[in-house]
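What follows is a set of notes on a single structure, which appears directly below.
Chain letters run A, B, ... following the sequence lines, proteins first, then strands; residues in each count from 1.
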Amino acid sequence: MRWLLSLFLLGVAACVSALSVSGSRLLVVLEDEGEREKYGVFLGDLSDRGFHTTIQSPKSDKLSLFQHGERAYDHVIILPGKSKGLGPALTANQLLDFMKKEGNVLVTLSSDHATPTAVQSLLLELDISIPSDKGALVVDHFNYDSASAAEKHDVLLLPFPKALRPDVKNYFAGEGVIAVPRAVGQTLGNESPLIEPILRAPNTAYSYNPKDEADIVEDPFATGEQLTIVSAMQAHNSARLTVVGAAEILQNGWFAEKATLSGKAVKTANREFAKKVSQWTFKETGVLKVGKLLHYLDEGVSKKLNTSLSIPEHNPTIYRIKQDVAFQVEISEYSGDHLAPFIPASSDSVQLEFSMLSPFHRLNLTPISQTANSTIFGVSFKTPDQHGIFNFRINYRRPFLTNIDEKRQVTVRHFAHDEWPRSWQISGAWVWIGGIWVTIVGWVAFVAVWLYSAPTERSVKKTQ
Amino acid sequence: MAATEGNTLLKQATGPNIRGLLRVIILVLIAGAAVSSRLFSVIRFESIIHEFDPWFNFRATKYLVQNGFYSFWDWFDDRTWHPLGRVTGGTLYPGLMVTSGVIYHVLRFLTFPVDIRNICVLLAPGFSGLTALATYLLTNEMVTSPSAGLLAAAFMGITPGYISRSVAGSYDNEAIAIFLLVFTFFLWIKAVKNGSMFWGALTALFYGYMVSAWGGYVFITNLLPLHAFVLICMGRYSPRLYVSYTSWYALGTLASMQIPFVGFLPIRSSEHMSSLGVFGLIQLVAFVDYVRAQLPSKQFQTLLRALVLFIFVVAFGGLVLLTVSGVIAPWTGRFYSLWDTGYAKIHIPIIASVSEHQPTAWPAFFFDLSMMIWLFPAGVYMCFRKLTDEQVFIVIYSVLASYFAGVMVRLMLTLTPIVCVASAMAFSQILDTYLDAKTPVPDSKESGTSDTAKVAAAVVVPEGLRSTRSPLVGIYSWASKLTVVGASIVYLMLFVLHCTWVTSNAYSSPSVVLASRLPDGSQHIIDDYREAYYWLRQNTPDNAKIMSWWDYGYQIGGMADRPTLVDNNTWNNTHIATVGKAMSSREEVSYPIMRQHEVDYVLVVFGGLLGYSGDDINKFLWMVRIAEGIWPEEVKERNFFTPRGEYRVDEEATPTMKNSLMYKMSYYNYDKLFPAGQAQDRVRGARLPAQGPELSTIEEAFTSENWIIRIYKVKDLDNFGRDHQSALTFDKGHKKKKPAKRRGARVLRVE
């Protein structure tokens with residue numbers, strides 16, 4: 001019976017599991033139930049990917065992000081509504097607490113609606129700024145859709161984003177153009193390393209408030225690539241927050257529309273982009289996992305690193321100075337529904353630090369072999385000539401990838417009294433060893449001579 | 001006649017055998033008294049290790065017993081001085097631990113299952129019995145009267161000056177070192193008297209044991225050469241001296257170099273140069289002596305004397321030169337502070353911050369030595385009268401030890417044995433005089449008394465005075481005898497009373513547990529230290545790093561079994577200064593330091609609620625001074641004083657003081673205990689500001705019952721990359737204000 005039960009439970013677990021690594025409970029905050037249909041395709045796609053969607057109005061009494069002190073949902077989507085407040089269950093503090101417990105949040109803005117104060121202060125706290133006045137939107141006189149916004153130029157048609165930097169993987173690549181209607185542009189602070197732009201406005205775009213035309217000339221909110229349409233934030237615990245500047249990107253109306261970009265007819269690929277963004281936000285992509293981590297004494301028989309994981313995980317807690325140590329770590333990347341070998345971007349590598357107060361070694365880990373679902377990185381080095389308490393540390397933080405911060409504390413001890421070379425092995429000591437033996441032999445010889453010559457000396461004394 | 005017959009019978013009966021037996025019984029009783037008077041703390045509290053250093057010794061002993069001698073020898077301790085670690089096996093005096101380890105294994109071999117803790121607790125009382133015996137032997141070498149030895153043993157057994165470091169639970173190096181010190185001196189005297197290589201070698205052996213047990217061995221290293229040097233200068237050179245000194249020096253130096261912590265110090269450091277110098281000198285003197293025996297000539301002698309003086313000067317000059325050029329290690333700071341009591345305070349605050357390194361206050365002499373302090377000069381004077389080789393030793397020892405005891409409180413310990421010996425000599429002289437000539441024969445009073453009286457009088461009074469030429473009857477009268485003997489007995493009684501009182505009241509507190517009296521007279525135990533340490537032990541991960549001031553390092557290591565940043569083995573001044581800086585700086589400065597050192601918890605001692613004056617705020621200035629020694633630009637002592645030069649914690653405390661981590665941790669939430677605005681610090685008698693300090697980078701984890709120990713947890717980095725202060729204000733509901741109109745050039749984001 002028991003096996004039947006466990007089989008049943010296993011089956012249930014398999015059904016329940018979504019494509020996200022952090023869970024499938026999704027809360028959609030939508031004020032007006034009538035607007036649900038507008039997002040029907042997007043929400044349907046999410047359900048198809050295994051999310052269990054709950055749609056709640058922010059005014060609902062039942063709405064709470066937490067139950068018994070734990071997260072009640074794994075992910076939250078906040079869609080724009082008419083009212084300025086989000087209610088007592090969705091304050092900025094609670095959203096931050098939700099993220100502290102590794103919940104993911106997708107926030108959408110819209111220039112038609114005022115941004116809720118909770119969202120405003122949340123974004124401000126995370127160093128993401130949005131225009132303070134309602135109605136501000138991004139316009140571009142070069143990359144607009146001449147079919148739907150021939151006059152206002154406020155529907156932008158943008159290509160899919162390129163990789164942020166050469167050493168960062170691109171999780172948002174795709175074919176086609178993204179229609180960005182009436183977006184609220186954001187600017188990102190320079191201080192925080194946790195926020196990154198996903199989709200930036202083109203060079204020719206600027207933020208503009210149709211109601212207050214005078215101000216924009218004097219002091220525009222932001223222009224060009226400083227404006228971000230979709231931005232991302234990943235906390236230290238890898239909880240993710242994405243800000244989509246235009247909720248309309250996610251609406252059915254723009255998912256596969258015909259549009260005209262500088263005279264050419266194009267088809268929008270918003271559905272694809274919405275999928276990429278939600279996949280990343282809900283931890284379906286860009287998730288790393290550290291598997292087996294081991295370090296061992298490299299006995300010197302083979303200087304080559306062992307390329308398999310067949311060695312038992314031993315991980316001694318103590319080494320000696322100037323010993324050869326090998327280190328290996330298994331890293332996988334979550335890909336859809338399984339773990340795949342992780343391959344860093346071409347100009348990037350995972351690094352190992354061997355540190356006490358400051359790193360004594362900082363070494364690039366090289367992929368030495370691959371298993372079905374992981375890459376084994378390894379490096380071999382000599383412990384420094386300094387005893388103390390050291391850490392093997394991998395601190396791998398890259399945009400759009402979950403953070404890896406692994407630390408293993410080991411002690412590096414001094415030479416024990418019997419680990420030094422013996423005196424006769426040191427050529428410099430031969431002089432002193434020779435001296436000792438000469439003294440001993442000389443003394444013995446002297447005693448022998450003394451004993452031998454003793455009687456004659458006495459007779460000499462007598463004669464005196 | 002019958003009386004005299006009976007007397008002689010009695011004298012025969014108390015012949016050597018019975019006297020020997022009596023002596024053994026008396027010595028055993030003295031040892032019993034010495035041991036039992038040290039058990040106050042065990043009876044009143046429990047069998048517990050005291051204070052600070054003993055906790056390390058105890059931990060090291062446990063390590064030794066568990067892991068064996070060789071791994072103890074090579075012990076790298078990764079649970080102290082995080083993250084530097086400490087090469088403990090090579091930086092300690094292993095004698096104490098090895099002694100207890102041997103006792104433990106012997107008892108186990110004899111099938112006595114004894115807990116190692118009990119051995120450690122009772123080691124010091126046990127060795128005090130042996131010290132009494134060694135004092136008896138040493139004193140016996142000095143005088144002919146056997147009673148002096150017994151008195152000295154009794155004095156040594158119960159004098160507070162020695163008990164202060166050897167009560168049960170005070171498991172410190174001194175526990176065995178004083179026995180070794182006295183016994184080594186006894187063997188040395190024996191060697192000098194007999195001129196025997198055997199006794200000299202024994203001296204070296206025990207000297208080696210002493211080196212392995214206590215850093216105070218340097219006292220022997222300098223005292224024995226000084227003795228030899230003085231004897232040579234007095235023209236008392238003899239082959240006996242030569243044999244005993246050279247055999248001691250050669251073997252003893254080799255023995256001392258076997259201890260890793262000492263290593264090559266005996267030939268490299270200045271403290272050891274005197275013994276080396278005298279060793280060289282005695283070779284010269286021996287050579288000269290030999291030549292003189294071959295060629296007797298007055299002029300030759302004076303020439304040689306000049307030569308000896310010249311060589312001495314040259315050697316001394318060479319020594320100075322080598323020291324200056326750095327071949328020989330210069331004197332250590334602790335040594336300089338022996339000559340200039342103000343030296344440490346200016347140059348090495350870490351030494352001055354230890355209370356037992358302070359100069360002695362004069363009442364301490366009376367407190368620790370009682371009546372012996374005035375008998376002591378009399379005994380030294382008596383040594384001057386005969387001035388045999390061994391009595392010269394007494395004189396030198398007492399002069400040196402008196403000086404050192406005046407400079408440093410803890411060196412009272414080295415003075416105590418010689419005080420016991422000298423005052424026992426004086427006291428036994430009095431008793432011998434007034435008790436021995438007790439029964440002069442009535443009919444032969446003229447002759448009998450005059451004989452004994454002359455002898456007795458000659459001993460106490462110089463011959464020349466007219467009043468002493470004719471025997472004085474007054475001394476032999478019952479009245480005078482009774483007065484003197486009675487007074488002496490009263491003094492002895494008072495001495496015993498004083499010793500018992502001091503031991504019971506001053507030296508038997510474990511200082512881990514504090515005792516106080518309730519209004520109804522019953523005892524109330526304040527057990528905050530152990531409460532907090534056990535909290536750490538049971539509620540924190542095994543390798544949670546604890547930052548505290550170094551005083552508590554050993555206790556945290558021993559009782560809480562958690563790694564510490566600094567401890568009482570103050571080998572790394574910079575590391576201690578780092579902790580001092582973290583404690584005395586603003587939170588924003590301290591936090592990166594604590595992160596870098598992987599600190600998980602911070603522990604402070606706060607006595608404000610209870611009026612416990614040994615708390616961290618009172619020690620705070622030392623932290624500041626030590627930190628200032630390394631970072632004079634960042635930590636300034638002056639900023640902790642008000643403009644009028646006061647050290648305050650109340651409303652008028654300086655901003656630096658109020659913002660320092662130590663102040664904040666001490667007074668955090670303290671005002672909540674009192675009605676608004678009434679918070680009172682009972683140690684410093686100050687009313688605290690109405691608004692208590694606020695913490696952002698650390699959070700309170702534990703506060704003990706009487707608030708003596710407070711433990712804080714260091715927060716992790718903020719999850720969203722904010723600094724802790726703004727995260728805290730956000731959590732409190734203060735939303736970040738949108739920056740008003742930007743001024744100046746726009747800051748653009750670059751990838």
Counting heavy-atom pairs under 4.5 Å with chain B, which one of A:H387, A:M233, A:R413 comes out on top? A:H387

Would you check if the side chain of B:K545 reaches a backbone N or O of B:N543 as a donor-acceptor pair within less than 3.5 Å? yes

Is it the side chain or the backbone of A:L96 that comes within 4.5 Å of chain B heavy atoms, both, or neither? both

Please determine if A:R362 and A:E353 form a salt bridge, counting it only when a charged side-chain N lies under 4.0 Å from a carboxylate O. yes

Taking the basic N atoms (NZ, or NE/NH1/NH2) and the acidic carboxylate oxygens, is any pair closer than 4.0 Å for B:D561 and B:R59? no

Under 4.5 Å, counting heavy-atom pairs only, tell me which of A:R165, A:Q409, A:E419 racks up the most with chain B. A:Q409

Between chain A and each of B:V87, B:D718, B:L717, B:D77, count heavy-atom pairs under 4.5 Å; write down the option with the most. B:V87

Which answer fits A:L357, side chain, backbone, both or neither, if we ask what part of it has an atom under 4.5 Å from a heavy atom of chain B? both

Considering only heavy atoms, which portion of A:L241 lies under 4.5 Å from any heavy atom of chain B: side chain, backbone, both, or neither? neither

Salt bridge (Lys or Arg N to Asp or Glu O under 4.0 Å) between B:D716 and B:R595, intermediate numbers included: CA-CA 9 Å; B:D716 207 349; B:R595 289 284 300 178; 2.9 Å; yes

Does the Lys NZ or Arg CZ of B:R86 fall within the cation-pi geometry relative to B:F56 - under 6.0 Å from the ring centre and within 45° of the axis? yes

Of A:E225, A:M356, A:E191, A:Q234, the largest count of non-hydrogen pairs under 4.5 angstrom with chain B goes to A:M356

Within the distance-only criterion (no hydrogens, no angle test), does the side chain of B:S256 pair as donor or acceptor with the backbone N or O of B:T253 below 3.5 angstrom? yes

Check each atom of A:M99 against the heavy atoms of chain B and say whether the ones under 4.5 Å are side chain, backbone, both or neither. both

Quick one: what part of A:N391 sits under 4.5 Å from any heavy atom of chain B, side chain, backbone, both or neither? side chain

Nearest 0.5 Å, please: how far is CG in A:N403 from CZ in A:R397? 4.5 Å

So for A:E196, is it side chain, backbone, both, or neither that comes closer than 4.5 Å to the heavy atoms of chain B? both

Angle class for the B:Y70/A:H417 ring planes (parallel below 30°, perpendicular above 60°, tilted otherwise)? parallel

Note: vs chain B, highest number of non-hydrogen pairs under 4.5 angstrom among A:L194, A:D97, A:T117 is A:L194

Against chain B, label A:R200 side chain, backbone, both or neither, depending on which of its atoms sit under 4.5 Å from a heavy atom there. side chain

